[in-house]
Amino acid sequence: MAVWSVLALLRENPEELKRHVARRLMDPSIVDLAYSLDVEWRRLQTEINELRHKHNLITRSVAKASSGEERRLLLEEAKSLLKVIEEREARLAEVEAKRAEVLNSLPNLVDDDVPVGDESASVPIEFWGIPKVWVGYLEQFRDQVERYGFNVKYELIDWKPRGHADMLEEVLRLGDTVKAGEVAGSRFYYIFDDLVWLDFALLLYAIDKLTSKGYTLVLPPYMLRYRVMSGVVDLGAFKDAIYKVEGEDLYLIATSEHSLAALYYGEEIYDDELPIKLAGISPCFRKEAGAGSRDLKGIFRVHQFHKVEQFVFSKPEESRRIHEEIISNAKEMFQELGLPYRIVNIASGDLGAPAAKKYDLEVWMPAQGKYREMVSASNCTDWQSYRLGIRMIRRKGMTREYVHTLNSTAIASTRTITAILENYQEPDGTVVIPKILRKYLEPFEKAPKEYIKPRTPTRNMNKRE
RNA sequence: GCCGGGGUGGCCGAGCGGCCUAAGGCGACGGGCUUGAGACCCGUUGCCCCAUUAGGGGCGCGCGGGUUCGAAUCCCGCCCCCGGCGCCA
């Protein structure tokens, strides 16, 4: 009754499924393999069912056997039948394992709205705000806007803003990635005082926003078992993103999305309980193994950060609407934070296996002269729920199908801080604190309120007063 | 971590090698009765395979193995819950 949409298409129209896979720039021959394994799996299952049926009939008659001789013959027959069943079952187990592996490597279907191609095919569909554009970046700014047929108002500035990494270590002197590198490795960081306050203020702001919209606040497990983790991420993520705890069947979450998706692991949800909207808060741990030397400086791309995440379980027919809703929530927050952004409809080749459609929210970074990803909002349809065994029961008719899951960043702390350091920077290096955050800093005596001021160099980085 | 008790269908709860084809109850869903609801009566109520009109079959008692012709029932490993001890923020 409940059939995973990808499996349904595999059986009904494998050629169409191939086109979906091809749109992701993956090898569609995996579909042929999945198809033949599925057919073979079903054939074997039918065969074994028939053999078992025979065996069951014999077994039931043993107890009623009228004579010792009849009983002996029945036992003999049952035993020989068992041998055949055993052999077939071994074969089934083999095929079944292979089939599961191949099915699990199938990506989600691609939504019709998704532009087809590699990452260069991703299209900005909306711009907001008035970016500060340094004269030296004017040309490349225009290219990032006009190429897509947009006309965006900007504020031209004649001084070049310092990059967030320089702000951190040289201007504000509130971060130390050198020492962190020495004691933990590259992509780790220490941040201090005002930036820590800012980190928490951002999280509080996101929590405040989402809970006021009816999202349930969740502090989830930071580690999950393999079988759960493999339901929420694709195989590539294990290699490039996920840390494992040595000697335990536990993996550190790369986002609270993983734990939130797992909240209904193996459960059924009645349709009248949906949608279930969650706001998760957690640290996120990422290996960033596939990142090479990209964004090595500063705290844009790091092994650990805090994030408030939106996660929704929805009825299938509502997931597209909710996808728009969660990206809108993110837009609202970045508008209130006063960070100029664009929304990008991510191309099929860059989606990631779980997502049928994905929007990124990218903030203009004045010191880099580029829009950079701050938020990623995905509609995973039934890809995760199939793997996690999370189904929906429709009251009307009591029919079962897989729920849809959606996720979106609300605020990722360190990354948003980098955007603030560049966008709220003044020529003398002062950073203005976005007004919306001030009420979250107000209760704390030592928290900054309006500005973060540059600090004069001291001989010893460890003495920060 | 150690000792003891326990995990049965959506929920409660019987069963402790073969009439378990998992009793009984509650709930839910469908139908009957009713102007409507309730009460009442009947049916359905997990997963998979084949056939899809009716149906046929297999599997399923925390998870995974094992013993047996036959396992919810016996054995082993793991997970989780409750109580006690220990340890700890």
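In what follows, every heavy atom counts, from backbone to side chain, and hydrogens, waters and symmetry copies are set aside. Protein chains get the first letters and strands the later ones, always in sequence-line order, with residue 1 at the start of each.
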K.L.:
Among B/rC69, B/rC49, B/rC29, which nucleotide sits nearest the side chain of A/Ala78?
P.N.:
B/rC69
K.L.:
In whole angstroms, how far is the C1' atom of B/rG57 from the CD1 atom of A/Ile58?
P.N.:
15 Å
K.L.:
Any side-chain N or O of A/Asn49 less than 4.0 Å from the OP1 or OP2 oxygen of B/rG56?
P.N.:
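False: A/Asn49 side-chain N/O out of range (4.0 Å or more) of B/rG56 OP1/OP2.
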K.L.:
Can you check the distance between B/rG62 and B/rC82, where both ends of the measurement are the C1' atom (answer in whole Å)?
P.N.:
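Here B/rG62 and B/rC82 have their C1' atoms 15 Å from each other.
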K.L.:
Taking the nucleotide of RNA chain B with the closest heavy atom to each, which residue, A/His55 or A/Arg99, is nearer the 5' end?
P.N.:
A/Arg99
K.L.:
Taking the side chain of A/Arg400 as its heavy atoms from C-beta onward, which of B/rG46, B/rG70, B/rC48 lies nearest to it?
P.N.:
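For A/Arg400, the side-chain atoms sit closest to B/rG46.
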K.L.:
Using a strict cut-off of less than 4.0 Å between a Lys/Arg side-chain nitrogen and an Asp/Glu carboxylate oxygen, indicate whether A/Asp32 and A/Lys18 qualify as a salt bridge.
P.N.:
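The answer is yes: the pair qualifies as a salt bridge.
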K.L.:
Please pick, from B/rC47, B/rG58, B/rC69, the nucleotide with the shortest atom-to-atom distance to any side-chain atom of A/Arg391.
P.N.:
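The answer is B/rC47, which lies nearest to the side chain.
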K.L.:
Just name whichever nucleotide pairs with B/rG55, Watson-Crick or G-U, keeping both distances under 3.5 Å, else none.
P.N.:
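Across any shown strand, B/rG55 pairs with B/rC50.
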K.L.:
Rounded to whole angstrom, note down the C1' distance from B/rC63 over to B/rG55.
P.N.:
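One C1' to the other, the span is 34 Å.
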K.L.:
Give the rounded distance in Å between these two atoms: CD1 of A/Ile393 and P of B/rG10.
P.N.:
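Rounded to whole Å, this separation is 8 Å.
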K.L.:
Ignoring hydrogens and angles, write down the donor-acceptor pairs under 3.5 Å from the side chains of residues 234-245 of chain A, residues two or more places apart or on other chains.
P.N.:
{"from": "A/Asp234", "atom 1": "OD2", "to": "A/Gly236", "atom 2": "N", "distance (Å)": "3.3"}
{"from": "A/Tyr243", "atom 1": "OH", "to": "A/His303", "atom 2": "ND1", "distance (Å)": "3.1"}
{"from": "A/Lys244", "atom 1": "NZ", "to": "A/Glu248", "atom 2": "O", "distance (Å)": "2.5"}

K.L.:
Rounded to the nearest Å, what distance is computed from the CG atom of residue A/Asp249 to the P atom of nucleotide B/rG64?
P.N.:
15 Å
K.L.:
Going by the angle between their ring planes, with limits at 30° and 60°, are A/Phe192 and A/Tyr190 parallel, tilted or perpendicular?
P.N.:
parallel
K.L.:
Take atom P in B/rC59 and the same atom in B/rG1, then report the distance between them in whole Å.
P.N.:
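Taking atom P in both B/rC59 and B/rG1, they lie 37 Å apart.
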K.L.:
Between A/Tyr264 (OH) and B/rG10 (C1'), how many Å, whole number?
P.N.:
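So the OH-C1' distance, A/Tyr264 to B/rG10, works out to 15 Å.
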K.L.:
For the side chain of A/Arg42, starting at C-beta, report the closest nucleotide among B/rC48, B/rG46, B/rC50.
P.N.:
B/rC50
K.L.:
Under a 4.0 Å threshold between the charged nitrogen and the carboxylate oxygen, would A/Arg19 count as salt-bridged to A/Glu16?
P.N.:
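Yes.
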K.L.:
Under 6.0 Å between the ring centres of A/Tyr402 and A/Trp4?
P.N.:
no
K.L.:
P atom, B/rA22 versus B/rC16: distance in rounded Å?
P.N.:
16 Å
K.L.:
On a whole-Å scale, what distance lies between the C1' atoms belonging to B/rC75 and B/rC81?
P.N.:
23 Å
K.L.:
Using a 4.0 Å heavy-atom cut-off, does A/Thr59 contact any base of the nucleic acid, only the sugar-phosphate backbone, or nothing at all?
P.N.:
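Since a base atom lies under 4.0 Å of A/Thr59, the category is base.
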K.L.:
B/rC49, OP1 or OP2 - any side-chain N/O from A/Arg43 closer than 4.0 Å?
P.N.:
no
K.L.:
Under a 4.0 Å N-O cut-off, is there an ion pair linking A/Lys453 with A/Asp194?
P.N.:
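No, no charged N to carboxylate O under 4.0 Å.
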K.L.:
Let's test this: given Watson-Crick or G-U wobble pairing with both distances under 3.5 Å, identify the partner of B/rA89.
P.N.:
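The answer is none; no pair meets the criterion.
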K.L.:
Hey, mind stepping through A/Glu47 and A/Arg43 against salt bridge (Lys or Arg N to Asp or Glu O under 4.0 Å) and telling me if it holds?
P.N.:
CA-CA 6 Å; A/Glu47 187 184 348; A/Arg43 192 192 64 73; 3.2 Å; yes
K.L.:
Does any nucleotide pair with B/rU67 by Watson-Crick or G-U wobble geometry, both distances under 3.5 Å, and what is it?
P.N.:
none
K.L.:
A/Glu47 has an atom CD; how far is it from atom P of B/rC50, in whole Å?
P.N.:
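Value for this atom pair: 13 Å.
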K.L.:
Among B/rC29, B/rC49, B/rG18, find the nucleotide with the atom closest to the side chain of A/Arg395.
P.N.:
B/rC29
K.L.:
Any idea which of B/rC59, B/rG57, B/rG70 is nearest the A/Asn56 side chain?
P.N.:
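Selected nucleotide: B/rC59.
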K.L.:
Evaluate the ring planes of A/Tyr264 and A/Phe313, with Trp represented by its six-membered ring, and classify them as parallel (under 30°), tilted (30 to 60°) or perpendicular (over 60°).
P.N.:
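Aromatic pair A/Tyr264/A/Phe313 classed perpendicular.
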K.L.:
Can you tell me, in whole Å, how much space there is between the C1' of B/rG38 and that of B/rC49?
P.N.:
43 Å
K.L.:
Mind checking who B/rG36 pairs with, Watson-Crick or G-U wobble, both distances under 3.5 Å?
P.N.:
none
K.L.:
In whole Å, what separates the C1' atom of B/rG58 from that of B/rA51?
P.N.:
15 Å
K.L.:
Give none if B/rC2 has no partner; otherwise give the nucleotide forming a Watson-Crick or G-U wobble pair with it, both distances under 3.5 Å.
P.N.:
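Paired with B/rC2, as far as the under-3.5 Å criterion goes, is B/rG84.
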K.L.:
Given atom CD of A/Gln45 and atom C1' of B/rG60, what is their separation to the nearest angstrom?
P.N.:
13 Å
K.L.:
Please give, in whole Å, the distance from B/rG57 P to A/Ile85 CD1?
P.N.:
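Roughly 16 Å, once rounded to whole Å.
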K.L.:
Can you measure A/His53 atom NE2 to B/rG70 atom C1' for me and round it to whole angstrom units?
P.N.:
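Rounding to the nearest Å, NE2 of A/His53 and C1' of B/rG70 are 16 Å apart.
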K.L.:
In whole Å, what separates the P atom of B/rG43 from that of B/rG25?
P.N.:
12 Å
K.L.:
With heavy atoms under 4.0 Å as the rule, sort A/Arg11 into base, sugar-phosphate or nothing.
P.N.:
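Answer is sugar-phosphate: A/Arg11 comes under 4.0 Å of backbone atoms only.
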K.L.:
Please determine whether a side-chain nitrogen or oxygen atom of A/Arg225 lies at a distance below 4.0 Å from atom OP1 or OP2 of B/rC63.
P.N.:
no
K.L.:
B/rG30 pairs with which nucleotide, Watson-Crick or G-U wobble, both distances below 3.5 Å?
P.N.:
B/rC42
